[in-house]
Amino acid sequence: MFSILKNPHPFIFNSGSVLIPGIFTFLLILLFRPLGFNSLPLNYVLAFAFGFGLIASTLVWFTVKLLKFIVPQWMDEDSWTLGKEVLLIFAVLVFIVLTIFFIFFSINVTGHSPWELFKMVFVKTLLFSAFPILFMVLFEQYNYQKKQLKEAEKLNQKVKAQNGDLDVIHSITAENGQLVLQLKTNEILWAQSDGNYLELFYLNEAREIKKELIRNRLKNLADQLPNDSFFHCHKSFLINLHQVQKVQGNARNFEVMLRYSNNPIPVARSKSTELKEKINRP
């Protein structure tokens with residue numbers, strides 16, 4: 001059951017991500033009038049609804065920015081999962097609950113003790129928010145997954161042998177400039193970073209996959225190879241565009257399948273547009 005939380009999930013943070021929680025909060029207070037709002041005149045309810053809606057939107061923006069500053073690696077969009085999305089939403093709700101609690105406690109509008117007031121705010125906030133949030137998360141994942149699959153299908157119709165001389169020989173060097181390998185364009189498959197080293201996967205004369213460990217950075221290798229044939233698709237991967245067999249999409253980003261390999265290679269979200277441009281070029 002918990003394995004579903006590891007599923008890829010789109011990290012979407014835009015104006016809608018900030019405005020929708022505020023609008024939902026505004027409508028929630030206006031229509032249902034929880035937390036004692038039913039005893040207030042309509043103009044007061046409108047004022048409180050607008051104020052709490054503004055607070056909700058502000059806290060969404062603040063929470064995401066704060067977490068990106070404190071734990072940037074955890075907030076990496078290319079490793080975003082359904083579980084992380086749930087935790088992020090819970091963190092936002094905690095901030096909202098605490099803010100509402102302190103507002104009610106400071107203006108002393110109820111006769112409840114601090115603990116009773118906190119429980120009331122916490123329970124009612126979760127009860128009113130749980131279903132809409134669950135619906136939004138599942139819809140978001142389904143919609144984005146569907147969109148990615150359509151994009152992948154379009155790209156697969158374009159995947160074909162790229163123009164260029166596949167017999168051009170490339171000299172692969174280490175960080176110190178020492179020559180390591182000399183390979184033709186169609187012999188190079190992909191490269192993967194490994195700390196201070198990179199692993200270069202290539203084909204030998206028998207068309208078998210071989211691996212060479214080279215002390216160098218992936219960026220340096222990318223600079224050695226022509227960018228019309230090789231693509232730095234992810235911070236950890238460099239692929240040969242001539243070897244792309246299939247593009248597939250999940251709820252987070254694209255993945256490419258290369259010939260001679262069964263391992264999907266991720267494409268960073270920031271590189272998705274560039275991948276589409278390279279595949280769609282004449």
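Positions are given from 1 along the sequence.
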When clusters are formed by joining ILVMFWY residues with side-chain heavy atoms under 4.5 Å apart, either directly or through shared neighbours, do [X] and [Y] land in the same one?
X    : Y    : result
I89  : V71  : yes
I239 : Y202 : no
F254 : W190 : yes
Y197 : F237 : no

Spell out, as yes or no, whether a donor-acceptor pair under 3.5 Å connects the side chain of [X] to the backbone of [Y].
X    : Y    : value
S17  : N14  : yes
S79  : D76  : yes
K278 : N227 : yes
N240 : I188 : yes
Q248 : M257 : no
N196 : R215 : no
R217 : E175 : no
R252 : D78  : yes
S57  : V18  : yes
E187 : N204 : no

Measure the shortest side-chain to side-chain distance between [X] and [Y] over non-hydrogen atoms and say whether it is less than 4.5 angstrom.
X    : Y    : value
F52  : I103 : yes
L221 : N216 : no
S229 : L241 : no

Heavy atoms of other groups near [X] [atom1], more than 12 under 6.0 Å:
X    : atom1 : result
F24  : CZ    : yes
F13  : CZ    : yes
K150 : NZ    : no

Closest heavy-atom pair and its distance - [X], [Y]:
X    : Y    : result
I169 : Q182 : CG2-CB, 4.0 Å
L198 : A191 : CD1-CB, 4.5 Å
F118 : V97  : CE1-CG1, 4.0 Å

- Task: Before giving the answer on side-chain contact (heavy atoms from CB on, under 4.5 Å), spell out for L225 and I172 the whole-Å C-alpha distance, their side-chain angles and the decisive distance to 0.1 Å.
- Result: CA-CA 9 Å; L225 299 170; I172 310 299; 4.0 Å; yes
- Have a look at F95 and tell me which of L66, I55, I100, V60 forms a side-chain contact (heavy atoms from CB on, under 4.5 Å) with it.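 By the side-chain contact (heavy atoms from CB on, under 4.5 Å) criterion, F95 pairs with just one of L66, I55, I100, V60: L66.
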- Task: Verify side-chain contact (heavy atoms from CB on, under 4.5 Å) between H170 and F230, making sure each step is shown before the conclusion.
- Result: CA-CA 12 Å; H170 306 282; F230 297 90; 4.2 Å; yes
- Could you walk me through whether V247 and K154 pass the side-chain contact (heavy atoms from CB on, under 4.5 Å) test, one step at a time? CA-CA 9 Å; V247 179; K154 291 179 182 178; over 6 Å; no
- Query: With under 30° as parallel and over 60° as perpendicular, where do the rings of W80 and W74 fit, or are they tilted in between?
  - Reply: perpendicular
- Message: Using side-chain contact (heavy atoms from CB on, under 4.5 Å), reason through L200 and V180 one step at a time and then give a plain yes or no.
- Response: CA-CA 11 Å; L200 180 65; V180 179; over 6 Å; no
